[in-house]
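Below you'll find the structure, written out as C-alpha cells, and then a few comments.
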Amino acid sequence: MEKTYNPQSIEQALYQHWEAQGYFKPHGDTSKESFTIMIPPPNVTGSLHMGHAFQQTIMDTLIRYQRMQGKNTLWQVGTDHAGIATQMVVERKIAAEENKTKHDYGREKFIEKVWQWKNHSGGSITKQMRRLGDSLDWERERFTMDEGFSDAVQEVFVRLYEEGLIYRGKRLVNWDPKLHTAISDLEVENKEQQGKMWHLRYPLADGAQTAEGKDYLVVATTRPETMLGDTGVAVNPADPRYNGLIGKEILLPIVNRRIPIVGDEHADMEKGTGCVKITPAHDFNDYEVGKRHQLPMINILTLNADIREQAEVFTTQGEPSDAYDNVLPEKYRGMERFAARDAIVADFEAAGLLVKIEDHPNTVPYGDRGGVIIEPMLTDQWYVRTKPLAEEAIRAVEDGEIKFVPQQYENMYFSWMRDIQDWCISRQLWWGHQIPAWYDEAGQVYVGRSEQEVRQKHQLDEGVKLRRDEDVLDTWFSSGLWTFGTLGWPEQTDDLATFHPTNVLVTGFDIIFFWVARMIMMTMHFMKDKDGKSQVPFKTVYVTGLIRDENGAKMSKSKGNVLDPLDMVDGIDLESLVTKRTGNMMQPQLAQKIEKITRKTFANGIEAHGTDALRFTLAAIASTGRDINWDMHRLEGYRNFCNKLWNASRYVLMQCEEQDCGQNDQPMDFSLADRWIQGQYQQTVKACREALDSFRFDLAAQALYEFTWNQFCDWYLELTKPILFKGSEAQMRATRYTLVNVLESLLRLMHPIIPFITETIWQRVAPLCRLKADTIMLAPYPQYEADKVDEMAMNDLEWLKQFILAIRNIRGEMDISPNKPLSVLLRYTSDSDNRRIEENKAFLSSLAKLEQIQLLQADEVAPASATALLGEMEILIPMAGLIDKEAELARIGRQLEKAQGDLQRVTGKLSNENFVNKAPAMVIDKERAKQAELELTVDKLRQQQATIAAL
RNA sequence: GGUCGUUUAGCUCAGUUGGGAGAGCAUCGCCCUUACAAGGCGAGGGUCGCUGGUUCAAGCCCAGCAACGACCA
C-alpha cells in the first residue's frame, strides 16, 4: 500500500470500474426482497451543492447497506426539466451570444435550442454525482421531458380532466411580471420588510355622514396605486362608527367612481382605520370580499404590472362587464406600478385627501425565480382540484402507511394538506409539457391525448379550426409522477410490480409541500394494487435539515458563502475560490464583499479531503432533521480518520501479507486481546446496524469511529505487537487471523458510508481471509454474532486497560519519559488480579513499558512510591530518583478531592430515607457498591498522601 | 398571531424507558516509540437558557418565561 492515504489516486478509477461492471444495477432476482430509492431529480440546470451531497450520501449509504444484504436494490436516477430555470438559462445564452430573444426564434425553434442546450450542457450535475460515489443505476436515467415521461404526464392530465379534477378558470393568480407567467403559491416567498401604510380620505357620496358626523371615510392601504381598481369599501358590520353607512356609496377620488360601502368581517375594527378599500382584481383578500358582495372586478395593470391604457371590467364570475367604464386617467397610463404609486399619493396630497403616512412592517410576496414582487393578476389558468386528492394522501400518513422521519414533520404535512388550496398548474412558458387542450373558434375547450383524439371524440371535422393551448404545465406537476413515471407507467410494467411502492424518500423539509405532498396525492390516485387499494409512493420519508455556513447563515450565491462539495473533495486554492464565488453574479456589486469574507474564511483555500471524508462527515452530522452549521474542522477530523484507517490497514498488511494468517487450518492460540477485539467488534456491528435501521447515520458513524480509532487502533493493534514480535507460532497465527478478519469485516461494515477507501483496502485484505470476490460492494453486510462476545475477555481486558492507564497517568503527571522502563510493585491483589497479572505480563510490560512487576505481601513495607488504585489493588512505582514530591502530592490531592466529592454525594443519597425506601433495589445496590469503593479509595489516597508528605 | 423546532464544554453536535454529564475539533503538558506528526501519551474544561412543579432522584417529564430559527396567517 502507498505510504500515505491519497484519496485522489483511488477514487475515480474505482468508480469507473464499479459502473462498468454493472454493480449499481438491481441484481434482478425477484425472489429476493426489493429495495428502492427514487432520487429527488435534480434540476437539469443545477450543479451540485451541499444539500445534494448530504442527501445523496444518505441515499447511497442506505442503498449500499441494503444491497449488501442481498436485496434487489434500485436507486433510480434522473433530472427534472425545470421549466422556468431552464428557459431563463437559454434565453440568457441567446441574448448574450446572438443578441436575440426567444421571440426571434419562435416557439418551435426555441424549444429546439433548449434541447440542444440540454443535450450539451444539461445534467452536468450527474457527472458530479459520480464523484460522490453514488451507486445509481445509470442505465435507467430518466428526464421529466423524455418521451415516456411525457406520455405519463399527458395521461395524468387527461384523466384528471375527465374525472373533473382539473378545471380552467379566470382567477386571481400569483403573477410574475418579470417572467410573465403564473406561479403557484408555493413559489412565492413572503418577505418581511419595513413598509408604509397610507391613510387616504374617501369622500362619502350623496351627503352621507359617519356616526361622528364626518363626510368621508379614511381607508388605510399599503398599495395606494390599486385605488384605480377599487370597487368597494368594507367596514365591519359590528362597527358602530360606520355600520350605519353600509349600503351607502363612496365617490372615489381621481377616477370619480361611485362604489358601495359593504359590511364585511374582513374589515378589522382594531386595525388601521377600520375601513378597507376593496380592489378585487389586485388583492387576494379583496377578491374574496368582492365575491361575497358581488363587486365587479377592475383590472388596471398590464402583464408587466404597468398601468393599462384602458381598464378591464369583469363581473364577479370573470365575465366582461360594463358595470363601470374602462377609462383610466391619462396621466397614469403606461406608468410602472411603483411610479404610479408615487404619482397617486402625490395627487391625493395635492387634493388634501392624504391623511397620513405611517411606517408599517408588512410582508411582500416575491417570485422565487424572478426575484421581483409578485402581482395578483386576473388571468385564465388551469387548476387541479386538490381537496379530493388530499383526503387519501392525509389518510396514508395518519394510518402510518407513510412515516416521516423525524416524525414532527408530519405536523407540517398535515397542516398544509388540511388547508390545501387548488393548485395552479399552467405556466406561460414554452419549455415544458404543453397542455393537451384545444380550443375551437368559439373558445370551447377540448382535452385529449392528441388533436386527432379530440376531433374523433367530439366529432369535429376538418372544417372546425382548433388551436392548441399555448401554456405548459408546472414542472412539479411532472415531478409529482416521479415514483411511478420512472418505472414505465402508464404501462403496467414488471418494474412497477417489482419496485413500487418504493421504500425511502430522502429529501429536504423545504420541498415537503412542493413535491412530497403532491407526489403522494398523484401516486395514490393513479397507482392501485390488484384489489384496487391505493399504493403509496414510498413507505418512509427521511427529512434532512439544511446545511448552513459556519455562521449559521443559509448558503446562497448572492451571499457568496456557497460551498461546493467537490472543492472539499479535491481542494481549491484561494484565488480560484474567490474567482469562482464572484464570477457570473446576478448582483456584481456584491463581489467585493464576497471576496473579502472568502479571503478571511479560507485564507489558505480549501485542502483536498477526498470523497470518503466528506461522506463520513455528512453521515456524522445527520442527526435529527435539524439544520446544521457546517464546520470545516469536522471535515478535517474525519479526513484524519480515513488516514488513520489507511495506516492501521498498512500495519495489518505489513504484518500479515505473505504470512500464515490461519488460512491453512494450522493450530491457533488466541490471546486475550484477540478474544476481546472480536467482542468489541460484534458490539459495534450491532450498534451500527441498529443505527442504520433507524436512520441514525450520526450514531452509525460514531460507533464506527469509536471502534476503529479508540479500540482497534489505540488498543488492539498495540496489543498485537508483543505477540507478533515475541509470541509462539500458534499465537502469532491466531493474532494475524484476528487482525485480518476483524479488519476485513470492519471494512464491510463501513463500506456504505466510505465506499472508496474500504474497497481499496478490502481488495488487499480479503484474500488473506480466504475470500474470493470481485468487490466489497456485493459482499455480505456483517451480522451480529452474540457467541463471539466473550464476557470474561471483555472484563479482563478492561482491567488491563485500567492498569496501563494508571501507569501512563503517573508517567504523564510526573513527567517521566514514556521511553523509560519502570518497575512496579503491586499490593493487596485479589485472586483475580493475580490471575490477570499472570496471564497478561507480556501485554503489561509492552504497553506500560514495565521492566519488572513485583508482588508485595500485604504486610510488606513499600518504598516511597507514586500510587494508583485499581479496585483494592495498589499499583506502586517507587519514587527514588524519579518523582517530584510536590508534584506527586498535587496529583494525589486532585484525585482525593474528586473521590471525596463523589463520596459525599453518594453518602448523602444513601442517608436519605426516601431514597432507600423508594428507589429500586438495583439502584441502591449500585450506590452502596460505589460508596464502598469510594471509601476505600479515599482511605488509600490519604495514606499515600501521608506517606509522601512524611518524606 | 398560530404551529413546530432549537438552547448541553471555546466551536460543531450526541445524550435512546428519568438512576454516575459525552464525542470530534480547539486548549495545555510531554514525546520524531520501526502503521500513522493528518500521529502517540497524558491533562484541563460544563449552574445542561431561566423560573417553578412532579419525583427518593430531572439534561430528560409538566407549566410558565426568555432568546433564536423555520413554516403558516
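Chain naming here is simple, since letters A, B, ... match the order of the sequence lines and numbering starts at 1 in each. Side-chain atoms are counted along with the backbone in the values below, which use heavy atoms only and exclude waters and symmetry mates.
Relative ring orientation between A:Phe616 and A:Tyr705 is described as tilted, the plane-to-plane angle lying within the 30° to 60° band.
Taking the C1' atoms as reference points, B:C50 lies 11 Å from B:A67, given to the whole Å. Across B:U47 and B:G1, the matching P atoms stand 33 Å from one another, rounded to whole Å. Distance check on atom P: B:G10 versus B:C48 gives 12 Å, rounded to whole Å.
For A:Asp674 (side chain) and A:Ser671 (main-chain N/O), a donor-acceptor pair under 3.5 Å exists by modelled atom type. Using a distance-only test at 3.5 Å, with no hydrogens or angles considered, no donor-acceptor pair links the side chain of A:Gln711 to the main chain of A:Trp709.
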statement: Its dot-bracket string being built from Watson-Crick and G-U pairs below 3.5 Å, with | for another strand and [ ] for crossing, RNA chain B has the pattern (((((((..((((.....[..)))).(((((.......))))).....(((((..]....)))))))))))).
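The shortest distance between the side-chain N/O atoms of A:Lys644 and the OP1/OP2 oxygens of B:G40 is below 4.0 Å.
Atoms CE (A:Met632) and C1' (B:U12) sit 13 Å apart, rounded to a whole Å. For A:Arg418 and B:C71, the CZ to C1' distance is 16 Å, given to the nearest whole Å.
Within residues 697-712 of chain A, the residues having any heavy atom closer than 4.0 Å to RNA chain B are, in order of number, A:Leu699, A:Tyr705, A:Trp709.
Judged by distance alone with a 3.5 Å cut-off, a donor-acceptor contact links the side chain of A:Glu718 to the base of B:A35.
Heavy atoms only, all atoms of each residue included: A:Cys769 and A:Glu744 are closest at SG-CB, 3.7 Å.
Counting any heavy atom pair closer than 4.0 Å across all strands shown, A:Arg634 reaches a base atom. Among the heavy atoms of the strands lying under 4.0 Å from A:Lys930 is at least one base atom, whether or not backbone atoms are also near.
When only modelled atom types and interatomic distance are considered, A:Lys909 and A:Gln904 share no side-chain donor-acceptor pair under 3.5 Å.
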